[in-house]
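Single-structure report; data block below.
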Amino acid sequence: METSEKLLDPEYVQRGRPACGFSRKVFCEGMRDGVPIALGYFAVSFSLGIAARKAGFTPLQGFLASLLNNASAGEYAAFALIMTNASYLEVAVITLIANARYLLMSCALAQRFAPDTPIWHRFVIGYDVTDELFGITIARPGNLDPYYTYGAILLAAPAWASGTALGIIAGNLLPLRAVSALSVALYGMFLAIIIPPARKSRIVAVLVAVSFALSFVCNYLPGIASLSDGTRTILLTVLISGAAAVLFPVKYQEANEDDA
C-alpha cells in the first residue's frame, strides 16, 4: 500500500499501524480482559478433570484434550461416552452437536475481520471460539483485531488445559464449594460485557432482558427443555437476533459512526 493510500485507511490512521499489524497495547488489553476468563476456566475445567479421571485419562492426556478442545459441554459429553466405551464416530458426532453453537459465533466473527486479514489469522481465532472469548471480542468496536483475542487466548487456553490436568491429579481433594466459588469470575465477566452496551442502547437492554427471560422459560417448556444447552442457545440466538434485525435494523452509516 502506498503512503497516500495508508493515510486514507481509517484502520491505519486510527491505530498508527497497518491492519492486523502487531500492537503491544492491544495484545496487553486482551491479556487483561482474559484474566477473569482464565480464572473461571480453571475452576470449571478442574471439575472437568474429575470426569476425565473417571474416563481413564492421565494428566497429560487430559491436558492435551482440553488444549485442543476448549469446550466444556463437548468435553463432558466426550468423556461420558468414553466411559461407556462408545465408538470414535459416536464421540465425534455428539461433540459436534454439543459445540454447534460455535458455528454461529464463528460466522459473526468472520464478518468483523478487515477484508485484507490473512487467512491464518482467521484459522487461529477459529481454534478457540468460546462463549466468553467471543463475548469480549465481539464487544470491541471496529474491525476485529486478532492480537486482542490472542492476548486473551494466551491466558484462557492454558488455564483450561491446566485445570483439567490438575483435576485429574487432585480428584476430589478440593471441596465442591471452593471449585464453584472460583467460577463466579465468569459471571462477573459476562456482566461487564453486556451492561455497557445495554446502558448505551435501550433496545439492547430490552433484548438482553428478553433473552434472559426466554432462556429461563425454555428450561421448563415441554420438548424444548429436553434439548441440550447448546441447542437451546442456537435456537434462541437465531430467534432473538433475527427478530431484532427485522424490527430494529441498524443502518450502515449509523454502524460506522458507532465504530468510529
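- Side chain of S226 to backbone of G223: a donor-acceptor contact under 3.5 angstrom is found.
- Side-chain contact check for S23 and Y148: no donor-acceptor pair (N or O, by modelled atom type) lies under 3.5 Å.
- When all heavy atoms are compared, the tightest approach of T117 to R122 is O-NE, 3.6 Å.
- Looking only at side-chain heavy atoms (C-beta outward), F46 and L166 come within less than 4.5 Å of each other.
- Under a hydrophobic clustering in which Ile, Leu, Val, Met, Phe, Trp and Tyr are joined whenever their side-chain heavy atoms come within less than 4.5 Å, directly or via other members, L239 and V210 fall into different clusters.
- For S211 (side chain) and V208 (main-chain N/O), a donor-acceptor pair under 3.5 Å exists by modelled atom type.
- L96 is not connected to I82 by any chain of hydrophobic side-chain contacts under 4.5 Å among Ile, Leu, Val, Met, Phe, Trp and Tyr, and they are in different clusters.
- No side-chain heavy atom of V93 sits under 4.5 Å from any side-chain heavy atom of T95.
- The nearest pair of heavy atoms linking R53 to I169 is NH1-O, 4.5 Å.
- Counting heavy atoms from C-beta outward, R24 and Y147 have side chains that stay 4.5 Å or more apart.
- Taking Ile, Leu, Val, Met, Phe, Trp and Tyr as hydrophobic and joining them when side-chain heavy atoms fall under 4.5 Å apart, one finds F123 in a cluster with I119.
- N99 is listed as a side-chain neighbour of Y102, based on a closest heavy-atom distance under 4.5 Å.
- Nearest heavy-atom pair, I125 versus P146, reported as atom, atom and distance to 0.1 Å: CD1-O, 3.9 Å.
- Linking Ile, Leu, Val, Met, Phe, Trp and Tyr residues whenever their side-chain heavy atoms come within less than 4.5 Å places L247 and V206 in a single cluster.
- Defined by atom type and a distance below 3.5 Å, a donor-acceptor pair is missing between the side-chain atoms of S45 and S66.
- Residues T58 and I168 form no side-chain contact, since every pair of their non-hydrogen atoms from C-beta on lies 4.5 Å or further apart.
- Residue I153 comes nearest to P158 through the heavy atom pair O-CD, 3.5 Å, listed as atom of the first residue, atom of the second, then distance.
- Between the side chains of N70 and Y127, no donor-acceptor pair is found at a separation under 3.5 Å.
- Sorted by first and then second residue, the ring-ring contact (aromatic ring centres under 6.0 Å, His included) pairs involving residues 47-100 (not counting sequence neighbours) are F57-F79.
- Considering OH of Y41 and CG of L48, their distance stands at 12.5 Å, rounded to 0.5 Å.
- Contact detail for G56 and Q61: the closest heavy-atom pair is O-OE1, 4.0 Å.
- At least one side-chain heavy atom of L133 sits less than 4.5 Å from a side-chain heavy atom of D128.
- Residues N69 and W160 come closest through the heavy atom pair O-NE1, 3.9 Å.
- Here the straight-line distance linking atom CD1 of I138 with atom CD1 of I136 works out to 11.5 Å at 0.5 Å rounding.
- Checked by atom type and distance alone, the side chain of R112 pairs as donor or acceptor with a backbone atom of R140 at under 3.5 Å.
- Distance OG1/T149 to CG/L109: 7.5 Å, rounded to 0.5 Å.
- Under the 4.5 Å side-chain heavy-atom criterion for ILVMFWY residues, no single connected hydrophobic cluster contains both L103 and L144.
- Grouping the Ile, Leu, Val, Met, Phe, Trp and Tyr side chains by contacts below 4.5 angstrom, directly or via other members, places V124 with F27.
- Summarising the geometry, atom CD belonging to E29 is positioned 7.5 Å from atom CG belonging to D33; distances are rounded to the nearest 0.5 Å.
- Separation of atoms CG (L214) and CG (N219) is listed at 11.0 Å; rounding is to 0.5 Å.
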Start with the C-alpha distance between M31 and Y150, add both sets of side-chain angles, then the distance that settles side chain to side chain contact (heavy atoms under 4.5 Å, CB included), and finish with yes or no. CA-CA 8 Å; M31 293 185 66; Y150 294 162; over 6 Å; no
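- The shortest side-chain heavy-atom distance between F134 and S106 does not fall under the 4.5 Å cut-off.
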